[in-house]
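Below, all heavy atoms of this structure are taken into account, side chains as well, without hydrogens, waters or symmetry copies. Note that this is a predicted model, so its numbers are computed, not measured.
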Amino acid sequence: MAFISNSKIFPANHKTIFVLDHTPYFGISCESPIEFEFLKSRAPGFIPFNPISKSLWTCSVESAIEYCRIVWDLFPQGKLIRFFASDTVAHIMNTWSPSQQNLNHVMNGMSLMGVPPPIRQTQQSKDYSVVHGLRAAIEALGECTDLQFEKRKADVNAKLINKCRIICITSARDNDSMKRLQEIFNNCLHAHNKAALNSDTYLPIDHCHLVIIHTFPVNIESQVTQQPARNISSLLTTEVYPIKAPQISNKLSSLILQHYELASTTVTGIPMKEEQNASSSANYDVEIFHSKEAHTAILKGNTADSLAIRTVKEGLEYETVTLKWCTPRGCASSELQNCTSMYRITPVEVNSRPSLCLINFLLNGRSVMLEMPRKAGGKITSHLLASHGGEIFIHTLCTARSVLEDPPSISEGCGGRVTDYRITDFGLLIQQNRLLPIKSNYVGGLPSSIPKVKARLGRHTKYWPLTISSTLIFNLKNYIDPLPSIITKEKITDEEMVQCKQVIYNLIALESKHEPLHLANMGQRSKGQKREEQYKIMWNELETLLKNNCHSETHKMVYNCLIECHKFNSDESDKVELDQALRELDQMAKSDSDVRASVIRATTDSPMSPPPLASIASPMARNNQNRAGGIYATKRSLYDIFMAQDKSKTRLDFAGRTGDNVAKLYPNLKIENDRGPREMETE
Amino acid sequence: MPTVLLLDVSLSMVRPVQISENVEISRKYLAIQGINAFLDCLSVHSRLEFIALAAFSSLYEERCAFTRDYNAIKLELQKLEDHDKTAIESALHGVNQLVLGEWGNNSACQIVLITDGNAGIGPMSLSESFSTLNHRNVSNPFPLPFSFPAKLHVVCIAPPDDPNLMKSKPLYQRLVDMAGYNGSLLIPEGGLSEASVVTMFQKLAEEMYTSFRGTLKCGNLESRIMLSPAPIPYIKVTDFDSQTYVLSELIEVCGFIPISDVGSPMAISRHLILPTNNLGKENVPLSMEIDLTSDDDTTEDGKNPSFCVLLHGALKVENMSALVTVGDNWFGFIYSWADSKKKSNLMLTVLTPGSDAIPWLGDLCHLDSTDNLPPDQIGSFPVRPSEKRSYSQNGVVWIRQSGLQSDIQKILRHARKLPEKTQQFYKELNRLRKAAISLGFLDLLNGLAYIFEQECTQLPGSAHPDCALQLTHAAEVLRKTQNKDIKFVILPLHTNYNSS
């Protein structure tokens, strides 16, 4: 795509190397003593001790570590940083491997290496220089990271632009030596690329951004002047900043915003209990960093509004956007907010009391809305801070007008006026098909479970009438439970099979006792139902359910049980082929245009269309014309037509009922075993 | 999708066009006729679309805010005056502001730039804009690509063989490409006439407002649906990769997740799901392929049960959302959404492509239902990352002096409450010591030893005897240089007071 620049696809911030000067000079004090005011006030007898100052080394290490803390909090993967220290040789603290991309690893490396060697032992012959580190860094930038390796492996000829950044904290004598350092670096870079041409293991470096921080104790004047970004060669852009040692971190904070396209938000007006006086609370501010994108919506909107919330903090170089804490009402997580973006955040001062207070508030599962004041008056809720699984995110809420303004309700559209959907039953299906994560230590190498869960839903909906009035058996829960929930399982145990069979036996027993079936959902309205018809429909629908759920041999045994126990209309004439039905349908349609319309309805429920409740609904509808759900009430369905045809053929009554003869039960047991009584399949 | 009509009102638009021997009309007149035809098309097919009208010359002016009242725009068109020259760049800046102010940076919009095939001359001309493209900085960026997903259509009221147009065509095409999302460049077919311009605009309207029709499927239950607004392709840019994703016509339910577990993830777009019945195939089982479409008219849509409505009802009652696939390795959520009023709807939230779109749900490809798994493999939401973030790690940061001061104060607070706080005292002491060694801040250890010794001399008479013993012990160990190993741990001194 033409409108996405290379710098976005091949960012320089994929690979960063800190080269820290570990020469003896860095062992000197930065001359900025730590204040111990709290000790002075203790007692008059306290003897003050020599002031303690951090060394230049301590200042550079802690600032570099802080830079990493922010990066890795915001980008747990894919933004790699390495640490090199340089004295007489280069010391390498970590590799590009993700397992070494964490603060603990780097800190351990630092403590193993220790402080810079003392100055008095320095001999002229010893070659202390930051150049060793820079050289090693160039070589390291030529190494493939896991991601680059993958891309290279996937397509050898693919364009892979290797961009990177080096942040070097050192100290130079003057501008000339700084210039020489850059030249040496530039030469090394070109030399590397030459060597990389003939190498399989090393990548050439397409561009390197070298940021040099020249640092010195607070009581010294810098002989090096600031140098804005300039291109030394096509491969190299350098910039130089002379910074007093205690200020390195501030400088890196403003650089990190450019390097990773971050922005700062200051959450203002956080009510917090005073440490000294727990009954009162004061308002505090907490500054956080996150991707710049989180601000796009509010900053690009109304210019006047966005100007009002942007300020530059004292002593810092970057802008922060001030948004107001909005005391949360209820639980914001209970609904899906309209979020246009979300990014991880990290507090700028991770250990300050206000930061800790906000962080703990969020980590405890509460969320905070942030408000932006409007010039025109009023305010707008623009962001949401919330933690998910121990990570804190800033969500950008949609503050603009919605294109979905004033939409029609779902009840105004297709199917909107049907009022007897099986909502409760579908709720049950939803609960049965809830998804949960597989524990991460079991995930490795597992194939995607998406096809599996889709297949599972398929199994659960093999026969699933949408409305109450289009089913009978699902309204007879007190008779057929737990059969429907068992039969949709992938595998059923012998015990469950027996349970299912028991359901069938019970129904047989009830029928033989001439007990009417009481509809659970419909209460008194089923009174007009003729018992025999009810049973017939029930058996047919049950047969459809079981036939559609023959997932295993055990399932089939349940189905066979039904076929064996209940005598379906097995006469030759009853096996109505579908095309024949349609032919007859066509003839009927000529006389009655309503019929075909109802055919559509009869086929609109779910696959393997159920025999609709028409024949039981009709009498109900006659009793109660107002029943909204009775959409089949006055129209004839495919099933009606089958049944009508059925009745035209005379059928023998059950032999046992016709006289005093003892009837043989299941006379057609053998032939029914392997086929259904109503062959409706079209195939 | 909201649309901005951006009409060129420079003087060149009033140039006459010879229609027949004695009839001359202006390009502006043709453009207005075209726009009217465009609006007429919309009022028939897409009455809910928002349209705005802006006019530009060297100035940019918003003439009609976004509205569904197309007549208001038609009236405004009659009131347009003629101005100086064409300056496309500033006009595009204006559009950018107009859309951002109204719809934010997330709603896709269409921009129809109507001009006469003359891209301007001198400063502020399009060729001038492009020639300075590489010298832009933050203060004067080029307006394209827009700050929101946008399709740009450039409509030229010019005969195909116009020499100006020949020169401008590549420039226009470059604009369209820079905007992305497959915009278009339109020129009336077969010469410049009222009919050809009207046809061109009608075609554009048809092309711009094709609705998305697809199928929502949940196992064997399904429903034909329409998405509103129609989704547009999404370009996902990651480090070392950029891919375009197009929404599949089959949206398939995988399973269900409580709304409270879903959190509020980032959505690249949201769409209303409207069940349709236009093919007469609503819920027709796949196995029975009977063509009954001809009888569609006799059925009443509202009374035909639709799976969408059932799904909506059940999701609302259960407070659940359905995880769906909307493409290859691309997911979304369907849930019940209510406008501020009482009207409730089925909504599709489309996530960023990839199964890792929501960190706290883990890999979406590795979600499963409980009875598909042995109990020891089932996790729970939210999924936690393998590593803790710095803010939940109690790390050491001494960049600001207050950080170091409060760490020392904490240790001294514990020291005064020895021996009860022996554990805490040594825990904090070792934490500080480890950090000091890592940062090469060895002076701090000596300083702390000195503070401990001073503390001993200052202890009140009521202090526990163990207090002095432990402080002296700690000071001694801190001073020993051989203990600069990070793995070394300072242990409490065994005394009569704590040995039990």
Side-chain angles (χ1 to χ4, degrees), chain A residues 2-3 8-9 14 43 49 52 57-58 61-62 69 73 107 110-111 115 151 249 296-297 300 333 337 339-342 350-351 359 388-390 400 409-410 414-418 421 423 426-427 430 433-439 442-443 448-449 453 457-458 461 466-467 596-597 600 604 607, chain B residues 100 103-106 145 147 177-178 180 219-221 240 242 254-256 260 263-264 266 275 277 283 285 292 295 298 301-303 305-306 309-310 312-314 318 320 343 345 360 362 365-368 377 379 382-384 389-391 397 399 403 437-441 443 447 450 458 486:
Chain A
F3 63 104
K8 225 165 180 183
I9 301 178
H14 177 58
F49 54 94
I52 302 173
W57 169 251
T58 302
V61 171
E62 68 176 1
R69 179 189 75 77
D73 266 0
M107 293 283 264
M110 291 292 176
S111 58
V115 294
K151 291 289 156 197
S249 188
T296 316
K300 287 202 171 157
S333 68
Q337 305 283 343
C339 286
T340 56
S341 67
M342 68 186 185
V350 70
N351 278 351
I359 293 296
H388 306 277
S409 162
I410 192 150
C414 274
R417 277 189 283 154
V418 178
Y421 287 110
I423 302 266
F426 201 79
I430 286 179
N433 288 283
R434 267 180 76 156
L435 297 176
L436 283 167
I438 305 172
K439 277 188 185 162
Y442 294 98
V443 165
S448 166
S449 44
V453 289
L457 274 172
T461 52
L466 295 182
T467 56
R596 285 189 60 167
I600 302 165
T604 52
Chain B
L100 278 176
W103 309 107
N105 62 329
N106 212 47
S147 312
D177 291 344
M178 278 178 89
N220 289 299
L221 301 171
F240 301 102
S242 154
C254 304
F256 305 89
S260 53
S264 293
M266 164 180 179
N277 207 1
N283 292 316
L292 296 169
D295 290 289
T298 60
D301 281 355
K303 289 187 174 175
S306 159
V309 185
L310 169 70
H312 170 265
E318 300 287 329
M320 297 284 269
K343 291 176 176 177
N345 255 299
W360 57 89
C365 283
H366 289 130
L367 299 180
D368 212 333
Q377 293 189 10
V383 174
R384 291 179 173 274
R389 303 288 157 246
S390 71
Y391 43 76
V397 179
I399 289 168
I437 292 170
S438 300
L439 297 174
F441 196 3
D443 283 354
Y450 182 82
Q458 304 273 315
I486 197 169

Counting only non-hydrogen atoms closer than 4.5 Å, does A:Asp73 touch chain B with its backbone (N, CA, C, O), its side chain (CB onward), both, or neither? both
Tell me, side chain or backbone of A:Phe426 under 4.5 Å from chain B's heavy atoms, or both, or neither? both
Heaviest contributor of heavy-atom pairs below 4.5 Å to chain B, chosen from A:Cys339, A:Ser341, A:Gly390, A:Gly458, is A:Cys339
Which heavy atom of B:Met266 sits nearest to which heavy atom of A:Thr340, and what is that distance? CG-O, 3.6 Å
Please rank A:Asn351, A:Ile52, A:Asn433, A:Leu435 by heavy-atom pairs under 4.5 Å with chain B and give me the top one. A:Leu435
Top contributor to chain B contacts, counting heavy-atom pairs under 4.5 Å, from A:Met110, A:His388, A:Met342, A:Lys439: A:His388
Which portion of A:Ile438 sits near chain B, non-hydrogen atoms under 4.5 angstrom: both
If you tally heavy-atom pairs under 4.5 Å between each of A:Met107, A:His14, A:Arg69, A:Arg434 and chain B, the highest tally belongs to A:Arg434
Max heavy-atom pairs within cutoff under 4.5 Å with chain B, candidates A:Val115, A:Val350, A:Ile423, A:Val61, goes to A:Ile423
Heavy atoms only, distances under 4.5 angstrom: which of B:Leu439, B:Val383, B:Leu310 has the most pairs with chain A? Name it, please. B:Leu310
Tell me, do A:Tyr421 and B:Ser306 make a side-chain contact under 4.5 Å, heavy atoms counted? yes
Comparing B:Pro382, B:Cys365, B:Gly104 against chain A, the one with the most heavy-atom pairs below 4.5 Å turns out to be B:Cys365
What do the steps show when you test B:Leu221 against A:Leu466 for side chain to side chain contact (heavy atoms under 4.5 Å, CB included), and what is the final call? CA-CA 9 Å; B:Leu221 301 171; A:Leu466 295 182; 4.1 Å; yes
Of all heavy-atom pairs linking A:Gly427 and B:Ala314, the shortest is N-CB, 4.0 Å
Can you name the nearest heavy-atom pair linking A:Ile410 to B:Asn345, along with the distance? N-OD1, 3.8 Å
Considering non-hydrogen atoms only, spot the tightest contact between A:Val418 and A:Thr467 and give its length. CG1-CG2, 3.7 Å
Taking B:Ser438, B:Gly219, B:Gly403 one by one, which has the highest count of heavy-atom pairs under 4.5 Å against chain A? B:Ser438
Hey, which of B:His312, B:Met320, B:His366, B:Arg384 has the most heavy atom pairs under 4.5 Å with chain A? B:His366
Show the nearest heavy-atom pair for residues B:Ile399 and A:Ser249, with the distance to one decimal. CD1-OG, 3.2 Å
Okay, A:Ile430 and chain B: the region with an atom under 4.5 Å from a heavy atom over there is both
According to side-chain hydrogen bond (donor to acceptor under 3.5 Å, both in side chains), who are the partners of A:Ser449, at least two apart in sequence or on a separate chain? none
Using modelled atom types and a 3.5 Å cut-off, is there a donor and acceptor pairing between side-chain atoms of B:Ser264 and backbone atoms of A:Gln337? yes
